[in-house]
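We count residues from 1, following the sequence as given. Atoms within a ligand are numbered from 1 in the order they appear, just like the ligands themselves.
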Amino acid sequence: MKNIVIVGGGAGGLELATFLGHKLGKKQKANVVLIDRNQTHLWKPLLHEVATGVLDSETDAVSFRAHAYNHGFNFEQGSIVRIDRANKYVELEPVYGSEGDVIVVARRIPYDYLVLSIGSKSNDFNTKGVAENCIFLDSPEQALRFQHKMLELFLKFSENNALAEIGEDESKQTLVQEDKVNIAIVGGGATGVELSAELFNAAKHLSSYGYGKIRSDCLQVTLIEAGDRLLPALPERISNAVRMELEELGVRVKTSTMITEASTNSLLTKDGGEIKADLMVWAAGVRISTVTQQFDGLAVNRINQLCVKDTLQTTLDDSVFAIGDCAFLLQKDGTPVPPRGQAATQMATVCGQNIVALFEGKVELKPFVFRDKGSLVSLSKFTTLGNITTGKKSSLTIEGNLARLAYISLYRVHQQRLHGCFKVGLIILIGRLNRFIRPSLKLY
Ligand SMILES: Cc1cc2nc3c(=O)[nH]c(=O)nc-3n(C[C@H](O)[C@H](O)[C@H](O)COP(=O)(O)OP(=O)(O)OC[C@H]3O[C@@H](n4cnc5c(N)ncnc54)[C@H](O)[C@@H]3O)c2cc1C
């Protein structure tokens with residue numbers, strides 16, 4: 001039986017494994033194996049909600065092992081370190097336990113068809129001090145680290161305020177700078193914008209959970225963007241509308257501001273300025289892990305994306321496919337397919353169809369064409385806005401409830417592809433029940 005190996009169980013990889021598990025795995029036509037360095041999958045566009053505690057990652061995460069069992073594929077935990085294309089295997093590094101001991105030794109997994117879907121991460125452009133002092137929002141672990149630090153800051157802040165009220169001496173009241181919780185976010189793309197708004201929502205909830213008198217003016221969020229406007233991928237009118245909404249909430253938006261260095265409690269700007277902050281997030285740029293350079297000579301671009309043909313096969317090896325953020329494909333208009341959730345899931349569909357076609361002995365594979373359905377940004381409970389594509393060259397700007405519905409539908413479609421309609425219906429129902437049962441914010 002042939003082996004289909006998929007590396008990376010994210011937005012694209014997990015949908016693909018589920019599809020191929022049903023089409024080929026369950027029918028014993030192929031052995032489908034999904035490899036991921038983690039044990040669970042979480043829809044990455046929700047990470048800003050995990051970071052503020054609005055979403056509990058443990059409730060929403062999908063266990064790879066359980067999902068594999070239910071959908072006809074196998075799961076291997078491990079991180080890919082190398083590919084041998086001549087002998088057709090991928091090499092995984094050992095899996096280490098919490099004490100640093102080796103739990104699973106390094107392994108070689110053979111493949112007939114290999115799909116690489118290892119996603120992307122933020123790009124700090126080697127800016128001094130960023131890796132040491134800023135938190136990235138590329139994984140649930142990083143989002144949880146942010147959430148814990150945020151809760152600590154708010155607790156310190158509310159304790160200081162309580163001390164101030166009972167007249168304690170002033171030296172004890174200097175734990176938080178400038179009597180505000182200062183959070184700086186670098187990167188005015190969707191992640192930075194959505195996180196900024198979500199923080200104000202979190203602050204509102206915290207005051208009802210014993211965190212003292214936290215009002216929105218106790219929170220200072222600074223959103224920094226090197227370009228001249230927020231959300232450069234969206235039309236200018238939407239960028240302007242988003243900026244206005246954020247500023248109304250209290251976000252300090254700094255465009256055309258380049259960060260040159262990060263230290264423990266501040267960011268230095270190219271024009272000599274300093275932005276003080278208790279907590280700093282780096283949510284700018286996109287790059288792929290340098291591991292793609294160990295993929296036996298497969299062509300990569302400047303940010304280590306794997307170059308693919310329109311069939312999603314890598315340019316130098318027809319038995320190796322790449323999808324999602326880690327794939328580089330130029331569209332007809334000369335622009336690359338953007339690293340977005342909708343592109344990853346569309347690629348998963350075409351890649352799945354092409355692999356099934358190869359199993360059926362077809363030689364003609366389907367070309368991938370990205371259908372941009374538009375972009376929406378959620379400003380938490382406050383509003384949602386963006387544009388949806390209505391025709392080949394036309395789009396419609398939407399805001400409010402309709403936009404919120406379209407925004408959520410991207411995630412619901414992903415869930416439906418993983419679990420089917422019935423289970424998604426149950427997930428939605430349980431989500432609604434949880435609103436009564438659970439606190440509106442994760443508080444630990
Ligand atoms: C905070 C945030 C908000 C976003 N919001 C939006 C949005 O609103 N709309 C939108 O369209 N897009 C959004 N995106 C982008 C979107 O999440 C990505 O484009 C999408 O997840 C890419 O899917 P993927 O399958 O390529 O990779 P991912 O979903 O990133 O999955 C990659 C998988 O590979 C695994 N992996 C990585 N390296 C290795 C390795 N060496 N070995 C084994 N496994 C590995 C990871 O554990 C992960 O499971 C957002 C991204 C972030 C970070």
Side-chain angles (χ1 to χ4, degrees), residues 5-17 33-52 55 61-62 64 75-83 90-93 95 109 115-123 135-143 146 185 187 189-195 198 231 233-234 281-286 288-292 294-295 304-306 312 322-328 337-348 351 370 372-379 384 386 406-411 413-414:
V5 173
I6 301 160
V7 187
L14 188 56
E15 284 193 13
L16 178 64
V33 181
L34 174 69
I35 296 168
D36 200 286
R37 58 183 174 194
N38 296 323
Q39 304 221 42
T40 56
H41 159 84
L42 189 77
W43 176 242
K44 227 170 138 184
L46 293 177
L47 285 182
H48 66 282
E49 293 190 13
V50 176
T52 50
L55 187 93
V62 177
F64 285 127
F75 174 67
E76 280 279 342
Q77 191 186 354
S79 211
I80 188 171
V81 279
R82 199 171 75 86
I83 298 175
V90 299
E91 201 168 298
L92 305 184
E93 67 177 13
V95 178
I109 313 280
V115 184
L116 299 162
S117 50
I118 57 169
S120 64
K121 46 188 174 181
S122 311
N123 195 345
I135 295 183
F136 297 93
L137 275 196
D138 296 322
S139 67
E141 296 72 36
Q142 291 168 337
F146 177 91
I185 302 164
T191 307
V193 163
E194 295 186 336
L195 179 63
E198 207 59 72
L231 302 167
L234 284 169
V281 181
W282 189 275
V286 172
I288 315 303
S289 159
T290 50
V291 76
T292 55
Q294 311 304 318
F295 289 171
N304 295 321
Q305 280 175 312
L306 294 149
L312 302 175
I323 61 168
D325 287 4
C326 74
F328 175 70
V337 175
R340 300 227 301 264
Q342 52 173 311
T345 62
Q346 288 176 26
M347 282 180 165
C351 181
F370 175 53
D372 190 349
K373 307 245 167 81
S375 301
L376 293 149
V377 264
S378 159
L379 302 186
T384 302
Y407 178 85
I408 294 170
S409 70
L410 183 64
Y411 179 43
V413 169
H414 173 66

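Scored by the side-chain hydrogen bond (donor to acceptor under 3.5 Å, both in side chains) test, S378 finds R404 as partners (sequence neighbours excluded). Applying the side-chain hydrogen bond (donor to acceptor under 3.5 Å, both in side chains) test to N123 and every residue at least two apart in sequence or in another chain returns nothing.
Residue contacts with ligand 1: H48 is placed with no nitrogen or oxygen under 3.5 Å of a nitrogen or oxygen of the ligand (distance criterion only). Between I35 and ligand 1, no N or O atom pair is found at a separation short of 3.5 Å. Distances between N or O atoms of P339 and those of ligand 1 include at least one value under 3.5 Å.
Looking at I118 against ligand 1, both its backbone and its side chain come within 4.0 Å, counting heavy atoms. Of the heavy atoms in A190, none comes closer than 4.0 Å to ligand 1. The proximity of D325 to ligand 1, defined as any non-hydrogen pair under 4.0 Å, involves the side chain as well as the backbone.
Considering D36, I288, L47 only, the shortest heavy-atom separation from atom 46 (C) of ligand 1 involves D36. When the heavy-atom distances from atom 43 (C) of ligand 1 to G78, G8, S378 are ranked, the shortest goes to G78.
Heavy-atom separations between L137 and ligand 1 include at least one value shorter than 4.0 Å. At least one heavy atom of R37 sits under 4.0 Å from some atom of ligand 1.
At the top of the distance list for atom 14 (N) of ligand 1, counting protein heavy atoms only, stands P45 CG, 3.9 Å.
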